[in-house]
Participant: 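Sending over a structure as structure tokens; questions will come in a sec.
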Number of protein chains: 4
Amino acid sequence: MKKKEEERKKQIMNAAFHAVSNLGYDKVTLQDIANHANVSKGVVHYYFTSKQNILLELLESTTSKIYRFEIQEIGKYHSAIEKLQAYVNAVFVSPQDNKKFYRVYLDFLAQANGNEDYKRINLKFYENCWGIGQEIIELGKGEGVFREDIDPLTYAKVIRAIIDGSLIQWLTCDIEEQHTFYKDICFNSILKLLK
Amino acid sequence: MKKKEEERKKQIMNAAFHAVSNLGYDKVTLQDIANHANVSKGVVHYYFTSKQNILLELLESTTSKIYRFEIQEIGKYHSAIEKLQAYVNAVFVSPQDNKKFYRVYLDFLAQANGNEDYKRINLKFYENCWGIGQEIIELGKGEGVFREDIDPLTYAKVIRAIIDGSLIQWLTCDIEEQHTFYKDICFNSILKLLK
Amino acid sequence: MKKKEEERKKQIMNAAFHAVSNLGYDKVTLQDIANHANVSKGVVHYYFTSKQNILLELLESTTSKIYRFEIQEIGKYHSAIEKLQAYVNAVFVSPQDNKKFYRVYLDFLAQANGNEDYKRINLKFYENCWGIGQEIIELGKGEGVFREDIDPLTYAKVIRAIIDGSLIQWLTCDIEEQHTFYKDICFNSILKLLK
Amino acid sequence: MKKKEEERKKQIMNAAFHAVSNLGYDKVTLQDIANHANVSKGVVHYYFTSKQNILLELLESTTSKIYRFEIQEIGKYHSAIEKLQAYVNAVFVSPQDNKKFYRVYLDFLAQANGNEDYKRINLKFYENCWGIGQEIIELGKGEGVFREDIDPLTYAKVIRAIIDGSLIQWLTCDIEEQHTFYKDICFNSILKLLK
DNA sequence: AATGAATGAGTCTTCATTCAT
DNA sequence: TATGAATGAAGACTCATTCAT
């Protein structure tokens with residue numbers, strides 16, 4: 001029965017993701033989430049103690065999904081440059097997915113300002129991303145393709161800043177065709193910085 | 001009389017700024033704004049047609065205030081590098097101000113995803129910021145301190161991405177001491193990119 | 001389950017009727033209706049999309065209740081004169097009921113001037129009433145008790161005008177004892193007109 | 001100065017009439033009235049103690065205007081039948097005027113149900129109208145054109161009921177072309193009743 | 001486990017009324 | 001006299017949460 005419960009929660013979580021993605025963090029209602037999940041409003045409360053609770057888990061699951069995907073993608077390659085390219089590609093998956101995922105993510109980012117729980121989850125996500133950056137930088141230094149004098153953690157933070165900054169800019173300008181443009185300047189900028 | 005009205009609107013706008021900054025975009029109520037302005041709820045509606053209307057003007061005034069400050073600061077210097085430093089300094093004014101201003105800005109950025117009006121205002125802000133970047137880059141190219149082969153607009157976008165990405169990261173990590181750290185890596189990264 | 005919902009709506013509708021009857025169309029609040037129904041404010045919105053919606057249904061149910069009662073009463077008799085008397089009696093049921101029903105009806109009549117939905121519902125009610133008048137007139141012509149040269153629809157309209165005009169006059173003068181007086185002059189006038 | 005005050009009040013009263021006529025009794029605001037009068041909101045309160053007060057005076061002035069016009073019109077003729085025709089013609093002036101005046105009147109009629117002041121004013125209007133009816137009936141009896149056995153007051157009430165009932169029916173059906181139709185059946189019915 | 005009816009606190013908005021100028 | 005800025009009470013409506021079934 002434990003398995004069914006897990007499945008139910010996943011189903012609701014998924015519905016919450018689409019609902020927030022469509023309507024925005026502050027517009028979404030429990031009824032919206034229930035509708036997206038094709039269940040009754042009561043079910044949502046049965047599996048989650050409160051709306052706050054759902055959204056918290058949603059941030060957690062969203063960031064962890066993003067992170068796992070990044071890990072998976074860079075795992076397919078072996079050189080630092082290839083891994084870096086895979087990392088950036090993983091972030092800029094496709095216009096459609098980026099819009100869905102990062103709208104939700106951006107909403108939570110804004111929420112994090114006034115909510116310690118969100119802040120904590122987001123910090124964990126940052127640390128994970130910095131970990132990816134560090135790994136690539138250290139690999140590149142070992143390969144001799146990146147400069148020796150760069151501090152891995154510091155530059156890992158810069159890398160993430162460039163990635164987030166580019167993605168948010170693309171998201172806000174909302175010109176689908178520029179997806180590739182932003183992916184490219186993001187990758188090229190990071191590369192130039194590390195070389 | 002016109003002047004008094006302008007002043008009143010500014011007072012309310014200012015109250016709205018602090019209210020959103022303290023409570024967040026979606027938590028703020030008209031009563032909060034009225035309280036911050038030390039006026040009755042009715043007054044807010046007397047000067048603004050709706051809550052939406054206040055928030056729209058708030059985004060406009062906030063972004064334009066940020067932009068004007070940036071313009072003012074880079075105007076104090078004459079060389080490209082100095083202007084770039086002034087630009088970054090203007091963004092990273094002080095931990096306190098950054099928190100206030102960019103919390104509001106980040107909230108609107110998140111809203112922009114689902115609201116054409118916010119999107120439009122934000123695009124205008126981006127274009128203004130890109131203009132600053134382009135100006136600095138072209139000056140630097142003239143001075144011979146920046147590479148010749150860089151496209152001003154493209155790199156202006158990268159500059160803003162790094163700035164926003166760094167600031168949001170600092171804001172979210174919420175460690176005041178790292179304010180200088182983020183300002184520095186932001187400036188250094190941009191410089192390295194352009195040289 | 002469907003039955004329970006129907007009952008609930010009826011209960012609220014009934015509460016709305018009494019609330020409007022006591023307080024008047026433009027004074028009544030959703031809270032008043034909720035109080036009359038002994039339910040919470042939220043319930044009213046659960047069953048009706050808006051206040052407008054409740055009042056619309058109230059006009060519909062009020063006019064249809066009046067009409068059904070008229071039909072029922074004239075159905076008890078077979079001759080034209082008896083039916084006419086039953087018709088007038090049905091309208092002038094009793095001082096208490098008349099006050100309740102026709103106060104609500106008069107309120108809606110006034111609203112109909114600026115509202116197409118009310119106008120439409122009221123027109124339907126008029127047509128129903130004219131139908132009753134026509135039926136009685138045609139029957140009376142067949143029986144030879146009414147003149148041959150009268151146009152059924154035209155006179156049906158006159159009949160309703162006399163009925164409404166008398167009732168409104170009684171309602172506005174608000175002298176209970178005159179209830180019988182107005183019922184009598186109403187019936188006698190119509191009769192004299194048709195003979 | 002007394003004269004100017006009177007004029008001001010008249011101006012506001014007139015504006016109130018048009019405002020209520022356009023918007024309806026319960027929709028009209030003091031701002032609407034002020035706008036129609038091209039004065040500031042403050043002025044309205046300067047000349048009338050309250051909104052209730054304006055509307056009360058409006059009912060009084062409206063009913064008295066209707067009554068004075070009826071008196072004036074029947075004064076132009078000398079025979080009972082001509083006076084009756086003039087009376088009906090005065091009520092059914094023109095589609096445009098009827099709509100304006102009787103919308104306001106119907107609104108007040110509805111209000112009268114729950115308000116003693118309105119009720120009193122309206123009763124006064126009824127008594128005036130009954131007076132007209134009685135006068136015509138007595139004249140007709142004297143002329144020998146009306147039956148001898150009719151009670152003037154009773155039939156005066158019937159006359160007014162037919163007039164109001166017809167006018168309200170025309171107003172609610174809202175078919176301009178039927179204005180003449182209703183005027184005719186109204187006059188013919190009354191005539192048939194009295195002969 | 002699941003439903004959805006019921007609750008009522010909270011929010012935006014309107015507007016009569018007051019009052020300083 | 002006249003203005004219109006300011007107030008705050010009141011009302012429609014939303015929605016998270018509870019709970020009986």
Side-chain angles (χ1 to χ4, degrees), chain A residues 1 4-5 7-8 12 26-35 37-55, chain B residues 1-2 4-5 7-9 12 26-34 37-55, chain C residues 1 4-5 7-9 12 26-34 37-55, chain D residues 1 4-5 8 12 26-35 37-55:
Chain A
M1 290 308 104
K4 187 147 180 228
E5 195 182 316
E7 214 138 286
R8 243 345 187 193
I12 293 168
D26 60 311
K27 299 266 189 307
V28 90
T29 69
L30 286 187
Q31 188 64 67
D32 292 323
I33 295 174
N35 290 347
N38 272 320
V39 295
S40 80
K41 205 170 23 150
V43 170
V44 181
H45 257 97
Y46 190 84
Y47 289 98
F48 296 88
T49 52
S50 69
K51 189 187 182 185
Q52 184 67 206
N53 186 259
I54 300 175
L55 294 171
Chain B
M1 290 307 108
K2 200 68 193 257
K4 182 113 182 267
E5 193 182 318
E7 218 142 281
R8 212 68 167 127
K9 286 194 78 171
I12 293 168
D26 60 309
K27 299 269 188 305
V28 91
T29 69
L30 287 184
Q31 188 63 68
D32 292 324
I33 295 174
N38 270 320
V39 294
S40 79
K41 209 175 9 155
V43 171
V44 182
H45 265 102
Y46 190 84
Y47 289 97
F48 296 88
T49 50
S50 67
K51 189 186 182 184
Q52 184 66 205
N53 185 262
I54 299 174
L55 294 172
Chain C
M1 290 308 106
K4 183 115 182 268
E5 193 184 317
E7 217 141 282
R8 211 64 167 135
K9 287 193 78 171
I12 294 168
D26 61 309
K27 297 268 188 308
V28 90
T29 69
L30 288 184
Q31 187 65 68
D32 292 325
I33 295 173
N38 270 319
V39 295
S40 80
K41 206 177 11 154
V43 171
V44 183
H45 264 103
Y46 191 84
Y47 289 96
F48 296 88
T49 50
S50 68
K51 190 185 181 185
Q52 183 66 205
N53 184 263
I54 299 174
L55 295 172
Chain D
M1 288 310 105
K4 186 146 181 231
E5 194 183 315
R8 252 321 195 206
I12 293 167
D26 60 311
K27 298 267 190 305
V28 90
T29 69
L30 287 187
Q31 188 62 66
D32 292 324
I33 295 174
N35 290 346
N38 271 321
V39 296
S40 79
K41 204 169 24 149
V43 171
V44 181
H45 257 97
Y46 190 85
Y47 289 98
F48 296 88
T49 51
S50 68
K51 188 186 181 185
Q52 183 66 206
N53 186 259
I54 300 173
L55 294 172

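Residue numbers start from 1 in every chain, and the chains themselves are labelled A, B, ... in the order their sequence lines are given, proteins ahead of strands.
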Participant: Taking only N and O in the side chain of Tyr47(A), is any of them less than 4.0 Å away from OP1 or OP2 of dA2(E)?
Facilitator: yes
Participant: Once you round it to whole Å, what is the distance between C1' of dA2(E) and CG of Asn38(A)?
Facilitator: 14 Å
Participant: I need a per-nucleotide contact map over nucleotides 14-21 of chain F, read 5' to 3'. Cutoff is protein heavy atoms under 4.0 Å; write B for the base, S for backbone only, - otherwise.
Facilitator: BSSBB---
Participant: What distance separates Leu30(C) CG from Phe48(C) CZ, expressed to the nearest 0.5 Å?
Facilitator: 10.5 Å
Participant: Quick check for you: to the nearest 0.5 Å, what is the distance between Ile12(D) atom CD1 and His45(D) atom NE2?
Facilitator: 11.0 Å
Participant: Please work out if Phe48(A) contacts a base, only the sugar-phosphate, or nothing of the nucleic acid, heavy-atom cut-off 4.0 Å.
Facilitator: nothing
Participant: List the atom of Ile54(A), the atom of Val44(A), and the distance in Å for their closest heavy-atom pair.
Facilitator: CD1-CG1, 3.2 Å
Participant: What's the OH-P distance between Tyr46(A) and dG4(E), to the nearest Å?
Facilitator: 16 Å
Participant: Side chain to side chain contact (heavy atoms under 4.5 Å, CB included) between Val28(D) and Lys51(D): does it pass, once the steps are laid out?
Facilitator: CA-CA 10 Å; Val28(D) 90; Lys51(D) 188 186 181 185; 4.2 Å; yes
Participant: Measure from CD on Glu5(C) to P on dT3(E) and round the result to the nearest Å.
Facilitator: 17 Å
Participant: Would you mind reading off the distance between Arg8(B) atom CZ and dA6(F) atom C1', rounded to a whole angstrom?
Facilitator: 8 Å
Participant: Would you mind reading off the distance between Ile33(B) atom CD1 and dC12(E) atom P, rounded to a whole angstrom?
Facilitator: 8 Å
Participant: Sequence neighbours left out, what passes salt bridge (charged side-chain N to carboxylate O under 4.0 Å, His left out) with Lys9(B)? Give chain and number order.
Facilitator: Glu57(B)
Participant: Holding to side chain to side chain donor-acceptor pair (under 3.5 Å), I want the full list of residues that pass it with Asp26(B), two or more places apart in sequence or in another chain.
Facilitator: Gln111(A)
Participant: Using side chain to side chain donor-acceptor pair (under 3.5 Å) as the criterion, list what pairs up with Ser50(B), not counting sequence neighbours.
Facilitator: none
Participant: By side chain to side chain donor-acceptor pair (under 3.5 Å), which residues pair with Asn35(D), not counting sequence neighbours?
Facilitator: Gln31(D)
Participant: Using the side chain to side chain donor-acceptor pair (under 3.5 Å) criterion, which residues pair with Thr29(B)? Sequence neighbours excluded.
Facilitator: Asp32(B)
Participant: Output the pairing pattern of DNA chain F as a dot-bracket string, 5' first, Watson-Crick or G-U wobble with both distances under 3.5 Å, | for cross-strand pairs, [ ] for crossing pairs.
Facilitator: .||||||||||||||||||||
Participant: Given atom CG of Asp26(C) and atom P of dA16(E), what is their separation to the nearest angstrom?
Facilitator: 12 Å
